[in-house]
Amino acid sequence: MKYSNRLTAMQFSPIRKLVPYAETVKAKGTKVYHLNIGQPDIKTPKGFFDAVKNFDSAVLEYAGSEGIPELIEALRAYYETYDMHFDYDDIIVTAGGSEAILFTMMAVCDPGDNILAPEPFYTNYNGFGQSVNIEINPVTTYAENGFRLPGKEELLARINDKTRAIILSNPGNPTGRVYTKEELDVLAEVAKEKDLWIIADEVYREFVYDGLKYTSCGQLKDVEDRVVIIDSVSKRYSACGARIGSIATKNKGLTGEIMKLCQGRLCVPTLDQVGAAELYKTPVSYFKEVNEEYDKRRNILYDELMKVDGLICEKPSGAFYIVAKLPVENAEDFAIWMLTEFCKDKDETVMFTPAESFYATPGLGKNEIRLAYILKQEDLKKAGALLKQGLEEYVALNLATDKQ
Ligand SMILES: Cc1ncc(COP(=O)(O)O)c(C=O)c1O
């Protein structure tokens with residue numbers, strides 16, 4: 001039987017690719033510290049569960065394709081606190097930020113079109129694009145200057161007659177970059193000049209450290225009609241399993257087009273929406289506490305990484321990821337070695353994500369990894385120490401270069 005070329009060409013999620021190795025050693029009793037996936041261990045606010053428990057209906061009906069009114073209203077009110085003023089029908093509820101990204105890509109691009117993305121970028125942009133014949137067109141950013149956006153000329157140079165949009169996550173996954181208003185103004189200028197959409201993936205909006213001021217693309221002037229805000233409860237409220245995201249845009253033509261896709265998939269799970277509506281009412285004090293915790297975790301992991309010989313990384317200012325360059329030729333080989341060989345005579349190891357798949361430019365990121373600081377402080381310390389020990393052994397065994 002034949003499978004579609006689209007899907008045979010599509011990547012498996014690189015974030016999940018090494019999971020079978022981890023499962024194998026875990027079955028043998030090895031503890032694996034997971035720094036590979038952005039699954040926070042912070043408690044989901046209780047309001048979610050209470051709302052689901054109190055749901056009182058004899059039939060679990062389809063919801064409207066755009067989402068339930070309580071959730072759309074809660075989202076609208078949430079955006080007001082960011083000085084972003086959306087009408088009720090500017091917001092569409094989706095099955096996670098993932099569906100929001102895919103639907104937006106499908107609505108603004110035809111097969112063969114491309115979307116400009118600062119790389120390294122959230123690797124699933126590639127997967128979503130591949131599934132509908134849309135290419136990610138990378139513009140490289142560098143750890144050495146904190147992954148700041150390139151200037152206008154460089155952005156313009158990457159755009160061609162098939163470029164339809166710019167996508168960026170802010171704060172960045174995997175970079176942790178919090179883009180400044182000045183950088184976003186340049187992006188807006190480019191978008192206007194080249195008639196592009198701006199797909200602003202802001203699922204980490206609240207996770208900003210060092211007192212930095214956060215600017216949302218939804219606050220930029222003169223581009224309101226070309227900005228699409230992607231949101232999700234997954235990270236913000238530590239509710240990844242709820243599968244609730246959203247699209248918000250003032251471009252009513254676009255919401256109209258996207259609604260066709262929403263109607264085709266009928267609706268997003270009703271009970272998850274009921275719980276999520278409560279999440280968006282969570283008091284801001286919640287974020288203060290959570291951010292303090294992530295800030296501590298960031299510092300702990302960064303300090304541990306700084307003890308590792310030959311490792312290079314910048315301290316990120318947002319989200320909960322760090323990209324680190326290792327003194328190895330192939331970070332994926334090292335990641336697999338940590339899950340197969342390193343732990344043979346130990347009862348613990350650490351798992352992280354090779355960063356090559358966060359780049360679209362061939363050859364970039366081969367010696368880089370992404371670490372998520374989503375574990376408890378003592379576990380992060382332990383994981384950092386294991387990484388150091390592993391890397392030292394790996395280098396001593398002369399495995400760090402492809403020559404072996
Ligand atoms: C930048 C970014 N966007 C979107 C998503 C998708 O999140 P979800 O589908 O869980 O809402 C993720 C998940 O890790 C992410 O990191």
State whether [X] and [Y] are salt-bridged, where the test is any N-O pair (Lys NZ or Arg NE/NH1/NH2 against Asp/Glu carboxylate O) under 4.0 Å.
| X | Y | result |
| --- | --- | --- |
| Lys388 | Glu392 | yes |
| Asp195 | Arg226 | yes |
| Glu378 | Lys381 | no |
| Lys162 | Glu135 | no |
| Glu189 | Lys192 | no |
| Glu292 | Lys296 | no |

Going from [atom1] on [X] to [atom2] on [Y], what distance comes out if it is rounded to the nearest 0.5 angstrom?
| X | Y | atom1 | atom2 | result |
| --- | --- | --- | --- | --- |
| Glu119 | Asn137 | CD | CG | 9.5 Å |
| Glu99 | Leu261 | CD | CG | 8.5 Å |
| Ile136 | Phe121 | CD1 | CZ | 5.5 Å |
| Ile199 | Ile115 | CD1 | CD1 | 4.5 Å |
| Phe320 | Arg298 | CZ | CZ | 14.0 Å |

If you count the non-hydrogen atoms of other residues, nucleotides and ligands that lie under 6.0 Å from [atom1] in [X], is the total more than 12?
| X | atom1 | result |
| --- | --- | --- |
| Lys181 | NZ | no |
| Tyr21 | OH | no |
| Asn145 | CG | yes |

Subject >> Aromatic ring proximity Phe352/Phe334, centre distance under 6.0 Å >> reply: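 For Phe352 and Phe334, the ring centres are under 6.0 Å apart.
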**OP:** Would you please classify the geometry between the Tyr373 ring and the Tyr209 ring as parallel, tilted or perpendicular, with 30° and 60° separating the classes?
**Re:**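 It falls in the tilted class, 30° to 60°.
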**OP:** Classify the ring geometry between Tyr237 and Tyr280 as parallel (under 30°), tilted (30 to 60°) or perpendicular (over 60°).
**Re:**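 Perpendicular, since the angle between the ring planes exceeds 60°.
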Judged by modelled atom types alone, do [X] and [Y] share a side-chain donor-acceptor pair under 3.5 Å?
| X | Y | value |
| --- | --- | --- |
| Asp231 | Tyr78 | no |
| Asp87 | His85 | no |
| Gln273 | Glu70 | no |
| Ser357 | Gln11 | no |
| Thr163 | Asn114 | yes |
| Thr180 | Glu183 | yes |

Can you see which heavy atom on [X] is nearest to which on [Y], and at what distance?
| X | Y | value |
| --- | --- | --- |
| Ile42 | Ser238 | O-OG, 2.7 Å |
| Met84 | Gly218 | SD-CA, 3.5 Å |
| Thr249 | Val227 | OG1-O, 3.0 Å |
| Thr270 | Leu60 | CB-CD1, 4.1 Å |

**OP:** Measure from NZ or CZ of Arg370 to the centre of the six-membered ring of Phe358, then state whether that distance is under 6.0 Å and the direction lies within 45° of the axis.
**Re:**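 No, Arg370 does not sit over the ring of Phe358.
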Subject >> Axial cation check for Phe49 ring with Lys53, 6.0 Å and 45° limits >> reply: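 Here Lys53 fails the 6.0 Å and 45° test against Phe49.
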Original post:
Taking the side chain as C-beta and beyond, is there a heavy-atom pair between Thr30 and Asp347 under 4.5 Å?
Top reply: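 When only atoms from C-beta onward are counted, Asp347 and Thr30 do not touch, as no gap falls below 4.5 Å.
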**OP:** For Lys307 and Glu304, run salt bridge (Lys or Arg N to Asp or Glu O under 4.0 Å): C-alpha distance rounded to whole Å, both residues' side-chain angles, the deciding distance at 0.1 Å, then the answer.
**Re:** CA-CA 5 Å; Lys307 295 178 192 163; Glu304 287 304 312; 2.9 Å; yes
Original post:
Run the salt bridge (Lys or Arg N to Asp or Glu O under 4.0 Å) check on Glu182 and Arg148 step by step: do they pass?
Top reply: CA-CA 11 Å; Glu182 290 67 35; Arg148 57 171 301 122; over 6 Å; no
**OP:** Check the pair Asp379 / Lys382 against salt bridge (Lys or Arg N to Asp or Glu O under 4.0 Å), numbers first and verdict last.
**Re:** CA-CA 5 Å; Asp379 287 350; Lys382 189 77 219 191; over 6 Å; no
